[in-house]
Novice: 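Mind looking over this structure? Questions follow.
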Amino acid sequence: MADRINFLYPVLKSSYYRRSHNPLSSLPLHPMSTEEKKEEKSLNFLEEIVEADLAAGKYKTIMTRFPPEPNGYLHMGHATSICLNFGLSKKYGGATNLRFDDTNPVTEETEYVDSIKEDVKWLGFEWKNEHYASDYFEELYEMAVKLIKKNLAYVDDSSSEEIAAQKGTPTQPGHRNKYADRPVEENLQLFADMKDGKYKDGEKVLRAKVDMASPNMLMRDPVLYRIKHAHHHRTGDDWCIYPLYDFAHGQSDSIEKITHSICTLEFVPHRELYDWLIEKLEIFPSKQYEFARRNLTYTVMSKRKLLQLVTEKHVDGWDDPRMPTISGMRRRGYTPEAIREFCDRIGIAKRDNIVDVGLLEFFVREDLNKKALRRMVVFDPVKVVITNYTNEDELLKSENNPEDPDGGEREIPFSNEIYIEREDFMENPPKKYFRLAPGQMVRLKSAYIIKCDEVIKDEKGNITELHCTYIPESKSGSDASGIHVKGTLHWLSVKHAVTVEVREYDRLFKVEDPSSEEGDFKDYINPDSLKVVKTAFAEPSLKNARFEDRYQFIRKGYFTLDKDSSTSGMVFNKTVGLKDSWKPQPAKKN
RNA sequence: UGCCAGGUGGUGUAAUUGGCAACACACCAGAGUUUGAAUCUGGUAUUCCCAGUUCGAAUCUGGGUCUGGUAUCCA
């Protein structure tokens, strides 16, 4: 049945074919087909490969892995890989392992292992098994012995410079040295001696015997093992020889029966070696597939550069909200849902790319709009006195989230002295200025309509107060005034306002692609990427803010509580601003 | 330079594998609005170049060109 549908479907779906040859063209397609059509979402090239493999019966179920090296914090690029690997196995009923590629003891630390696990979990994924390449050291050693026995590997005493020189150039083949002819027995003994610590770092290496004339430089007898008398974060001092990436990754995949080993494009040349080793070792045939890594505008993504930003204190740490790290984005208030949606909807391919960070921000807004509690916060206040408001202070109700009917309401105190945003008033407004101006009316969100009667200034001409009158019949929810105003402002009762600190972030760099610019990428750091508002005024309900809550400060943007907050002082991070399509007209001169 | 990968609106991806180049973001215009948000309507804009095959090419062929990767005892 499924086969038949698959066979017919492409024909029916062809609009050309449908119109000219299909007598049912004006009718809806077969119910099954319309159903499918609704679900219709084109497959990315990896999904196509998986579906083809599954259809061919190559595997009954798929297995993927996420293989970070624990030498830094995870960033947006890793998120792509995580979503791909876990997404693929989830979609096709397989599983994904988390594997730490820890074959280089000098760069790796447990601190990173922990943060990586935390980040993957936070993104919402569960791995099947947690593995470490270092767990396979014994097994890998045995594999190397097997290769030696097959006379496909040998111990080389040359220095790294000599080996490099013998490798030839892209246009000229390399040549073997005398060590390549060492008999199997001798190689076995030497390799065992290497393992037993009889040699110093760099004295000897184990190389595969492949092809010194290969057009692929990587196949010219690549180094498999090197000597490093270094402490490993997991195996301690058990080993003094460590396998290189090429001798660890494919075999680790194989040991875990990974069916689809997904990596980035720079590993394409490694695929030939990957396959060669699996073939010669006669082990489970994992297959490597490559995709183009994701780049984002106005940031850098390489671990080396991110590390520099941290160590040279251009940012506050790996989790600085301006960093493209997972921990940075988390601290900034991005949600895992938004990041996952971004990764999924952006797609994947094999060409170079640089994704507009605005696209990421769109997905963040889209998610936050549904979740964030609305609150009023005034960053730069100007006092408004409502001269005809002689009542007692009152409590007004306002919805927590207009997008969420079940979101409930909270109460906001109103009195005759309020704050509004300084930028929401203009003495000589341009055309189409909907905010407050002399003689002009605005609605105070969830409260009343007010009209500006008088501007009070100090001796220097600075505006210190605005005197307004309110329209009693215009109370929110029971407005009988019949007045329609274009502008609605956020506001706070002066005596009820609480103070909070607000940190606003802008792009970390001034240019779209700092890495491609002349000179040092750090020359392009945006000096204004952090703006701190030490004292902003907030409505009282914000006193109960919790770390996991997301807020929208009305007309300001999305915010979340920062870890620097304490009982004495709350600190909010701006996650992302609201879209702002208001373009001020050229202002009239004052 | 050798080898490898890749060029589709401003950005990222599609195109049922040779049959009307689509989706999202961005942008513009409008509607609406107790957030100049969200929402809704409409719009601008695209196949690297040159040939060839074909009724028909983003897709196939040849040549060119541009971009990236690689040439570490990093991963």
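Heavy-atom basis, side chains included; hydrogens, waters and symmetry copies ignored. Nothing here was measured: the structure is a model prediction, and the numbers come from that model. Numbered from 1 within each chain, the chains take letters A, B, ... in sequence-line order.
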Novice: State whether the number of non-hydrogen atoms from other residues, nucleotides or ligands found under 6.0 Å of A:K451 atom NZ is greater than 12.
Specialist: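 Open.
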Novice: Please state whether the base of B:rG12 and the side chain of A:R345 form at least one donor-acceptor pair under 3.5 Å?
Specialist: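 Under the 3.5 Å cut-off, the side chain and the base do not form any donor-acceptor pair.
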Novice: Taking the same atom, P, in B:rU46 and in B:rA58, what whole-Å distance lies between them?
Specialist: 14 Å
Novice: Closest to the A:T488 side chain: B:rC74, B:rG36, B:rA71?
Specialist: B:rG36
Novice: Select one nucleotide: of B:rG12, B:rG36, B:rU35, the one nearest the side-chain heavy atoms of A:N353.
Specialist: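 Ranking B:rG12, B:rG36, B:rU35 by closest atom to the A:N353 side chain puts B:rG12 first.
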Novice: Is it true that the side chains of A:Y154 and A:D221 contain a donor and an acceptor less than 3.5 Å apart?
Specialist: yes
Novice: By the 4.0 Å heavy-atom rule, please label A:G557 as base, sugar-phosphate, or nothing.
Specialist: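 Counting heavy atoms under 4.0 Å across all strands, no contact is made by A:G557.
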Novice: Classify the nucleic acid contact of A:L244 as base, sugar-phosphate or nothing, counting any heavy atom under 4.0 Å across all strands shown.
Specialist: sugar-phosphate
Novice: Start with the C-alpha gap between A:D156 and A:S158, add the side-chain angles, then the distance that decides, and say whether side-chain hydrogen bond (donor to acceptor under 3.5 Å, both in side chains) holds.
Specialist: CA-CA 6 Å; A:D156 194 326; A:S158 312; 2.5 Å; yes
Novice: So among A:S261, A:S286, A:S252, which one has a side chain to side chain donor-acceptor pair (under 3.5 Å) with A:R65?
Specialist: A:S261
Novice: Using a 4.0 Å heavy-atom cut-off across all strands, classify A:V205 as base, sugar-phosphate, or nothing.
Specialist: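 Contact class for A:V205: base.
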Novice: Contact class for A:E48 vs. all strands (heavy atom < 4.0 Å): base, sugar-phosphate, or nothing?
Specialist: base
Novice: Establish whether the base of B:rU34 is bridged to the side chain of A:R443 by a donor-acceptor pair shorter than 3.5 Å.
Specialist: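 Yes, the side chain and the base share a sub-3.5 Å donor-acceptor pair.
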Novice: Rounded to the nearest Å, what distance is computed from the CD atom of residue A:Q166 to the P atom of nucleotide B:rC73?
Specialist: 12 Å
Novice: Classify the nucleic acid contact of A:S158 as base, sugar-phosphate or nothing, counting any heavy atom under 4.0 Å across all strands shown.
Specialist: base
Novice: Expressed as a whole number of angstroms, how long is the span from A:F45:CZ to B:rG12:C1'?
Specialist: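 Interatomic distance, CZ of A:F45 to C1' of B:rG12: 15 Å.
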Novice: With a non-hydrogen cut-off below 4.0 angstrom, is A:I554 in contact with a base, only sugar-phosphate, or nothing?
Specialist: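 Touches a base.
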Novice: For A:F267, report the nucleic acid contact type (base, sugar-phosphate, nothing); a contact means any heavy atom under 4.0 Å.
Specialist: base
Novice: Going by purine N1 to pyrimidine N3 plus the second Watson-Crick contact, or the G-U wobble pair, all under 3.5 Å, which nucleotide sits opposite B:rU67?
Specialist: B:rA5
Novice: Which part of the nucleic acid does A:I348 contact within heavy-atom distance under 4.0 Å: base, sugar-phosphate only, or nothing?
Specialist: sugar-phosphate
Novice: To the nearest Å, give me how far apart CE (A:M376) and P (B:rU34) are.
Specialist: 16 Å
Novice: Would you say A:R294 reaches B:rU13's phosphate, i.e. side-chain N/O to OP1/OP2 under 4.0 Å?
Specialist: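 Yes, such a contact exists.
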Novice: Taking the side chain of A:E266 as its heavy atoms from C-beta onward, which of B:rA15, B:rA75, B:rA71 lies nearest to it?
Specialist: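 Looking only at side-chain atoms, A:E266 lies closest to B:rA75.
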Novice: Within the 4.0 Å heavy-atom criterion, would you say A:K486 contacts the bases, only the backbone, or no part of the nucleic acid?
Specialist: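 Since a base atom lies under 4.0 Å of A:K486, the category is base.
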Novice: Is there a donor and acceptor pair, one atom on the side chain of A:T171 and one on the base of B:rU1, closer than 3.5 Å?
Specialist: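 In this structure, the two groups form no donor-acceptor pair.
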Novice: Which pair of non-hydrogen atoms, one from A:R294 and one from A:M301, has the smallest distance, and what is that distance?
Specialist: O-CE, 4.1 Å
Novice: Using only modelled atom types and a 3.5 angstrom limit, is any donor from either the side chain of A:Q552 or the base of B:rU35 paired with an acceptor on the other?
Specialist: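 Such a pair exists between side chain and base.
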Novice: What's the closest nucleotide to the A:E69 side chain, out of B:rC74, B:rU35, B:rG12?
Specialist: B:rC74
Novice: For the pair made of CD in A:E108 and C1' in B:rA75, what is the distance, rounded to whole Å?
Specialist: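 Taking atom C1' of B:rA75 as the reference, CD of A:E108 is at 8 Å.
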Novice: Suppose you measure atom C1' in B:rC60 against the same atom in B:rU53; what distance do you get, rounded to whole Å?
Specialist: 8 Å
Novice: Using a 4.0 Å heavy-atom cut-off, does A:I354 contact any base of the nucleic acid, only the sugar-phosphate backbone, or nothing at all?
Specialist: sugar-phosphate
Novice: Counting any heavy atom closer than 4.0 Å, what does A:Y433 reach on the DNA or RNA strands: base, sugar-phosphate only, or nothing?
Specialist: base
Novice: In whole angstrom, give me the gap between the C1' atoms of B:rU11 and B:rA26.
Specialist: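 About 8 Å, rounded to a whole number of Å.
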Novice: Indicate, with a heavy-atom threshold strictly under 4.0 Å, whether A:Y245 touches base, sugar-phosphate, or nothing.
Specialist: base
Novice: Using whole Å, what does the distance between atom C1' of nucleotide B:rC73 and atom CG of A:D201 come to?
Specialist: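 Rounded to whole Å, this separation is 10 Å.
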Novice: Pick out the pairs of N or O atoms, protein on one side and nucleotides 3-5 of chain B on the other, that lie under 3.5 Å.
Specialist:
none

Novice: If the plane angle is over 60° it's perpendicular, under 30° parallel, otherwise tilted; pick one for A:F414 and A:W491.
Specialist: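 It falls in the perpendicular class, over 60°.
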Novice: Could you check whether any side-chain N or O of A:D135 sits under 3.5 Å from a backbone N or O of A:H131, counting only pairs where one atom can act as donor and the other as acceptor?
Specialist: no
Novice: Less than 4.0 angstrom between a side-chain N/O of A:S581 and OP1 or OP2 of B:rA37, yes or no?
Specialist: yes
Novice: In whole Å, what is the span from the CG atom of A:L396 to the P atom of B:rU34?
Specialist: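 Rounding to the nearest Å, CG of A:L396 and P of B:rU34 are 17 Å apart.
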Novice: Which glycosidic conformation, syn or anti, is assigned to B:rU59 if syn requires a torsion within 90° of zero?
Specialist: anti
Novice: Considering only atom P, compute the distance from B:rU13 to B:rA45 and round it to an integer number of Å.
Specialist: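 That atom pair is separated by 23 Å.
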Novice: Taking only side-chain nitrogens and oxygens of A:T103, does any of them come within less than 4.0 Å of OP1 or OP2 of B:rA75?
Specialist: yes
Novice: Measure from NE2 on A:H249 to P on B:rC74 and round the result to the nearest Å.
Specialist: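 It is 17 Å, rounded to the nearest whole Å.
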Novice: Are A:E108 and A:N71 close enough that a side-chain donor and a side-chain acceptor fall under 3.5 Å?
Specialist: no
Novice: Is there a stack between A:F362 and B:rA24, judged by ring centres under 5.5 Å and planes under 30°?
Specialist: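 No.
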Novice: For atom P, what is the distance between B:rG19 and B:rU61, given to the nearest Å?
Specialist: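 That atom pair is separated by 15 Å.
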Novice: Find the distance A:Y298:OH to B:rG12:C1' and express it as a whole number of Å.
Specialist: 16 Å
Novice: B:rG2, OP1 or OP2 - any side-chain N/O from A:R220 closer than 4.0 Å?
Specialist: no
Novice: Strictly below 4.0 Å: does A:R226 bring a side-chain N or O up to OP1 or OP2 of B:rC74?
Specialist: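 So the side-chain polar atoms of A:R226 do come within 4.0 Å of the phosphate oxygens OP1 or OP2 of B:rC74, strictly under.
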Novice: Should we say atom CZ of A:R507 is surrounded by more than 12 heavy atoms from elsewhere, each under 6.0 Å from it?
Specialist: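 More than 12 heavy atoms, drawn from other residues, nucleotides or ligands, come within 6.0 Å of this atom.
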Novice: Do the side-chain N or O atoms of A:R351 get closer than 4.0 angstrom to the phosphate oxygens (OP1, OP2) of B:rU13?
Specialist: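 For B:rU13, OP1 or OP2 has a side-chain N or O of A:R351 closer than 4.0 Å.
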Novice: Please give the distance between the P atoms of B:rU39 and B:rA22 as a whole number of Å.
Specialist: 23 Å
Novice: Give the ring-plane orientation class for A:Y242 versus A:H232, where under 30° counts as parallel, over 60° as perpendicular and anything between as tilted.
Specialist: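 Plane angle under 30°, so parallel.
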Novice: Check for me whether A:R271 meets the cation-pi criterion with A:W276, that is, NZ or CZ under 6.0 Å from the six-membered ring centre and within 45 degrees of the ring axis.
Specialist: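 So A:R271 doesn't make the cation-pi contact.
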Novice: Categorize A:P402 for me: base, sugar-phosphate, or nothing, with a 4.0 angstrom heavy-atom threshold over every strand shown.
Specialist: base
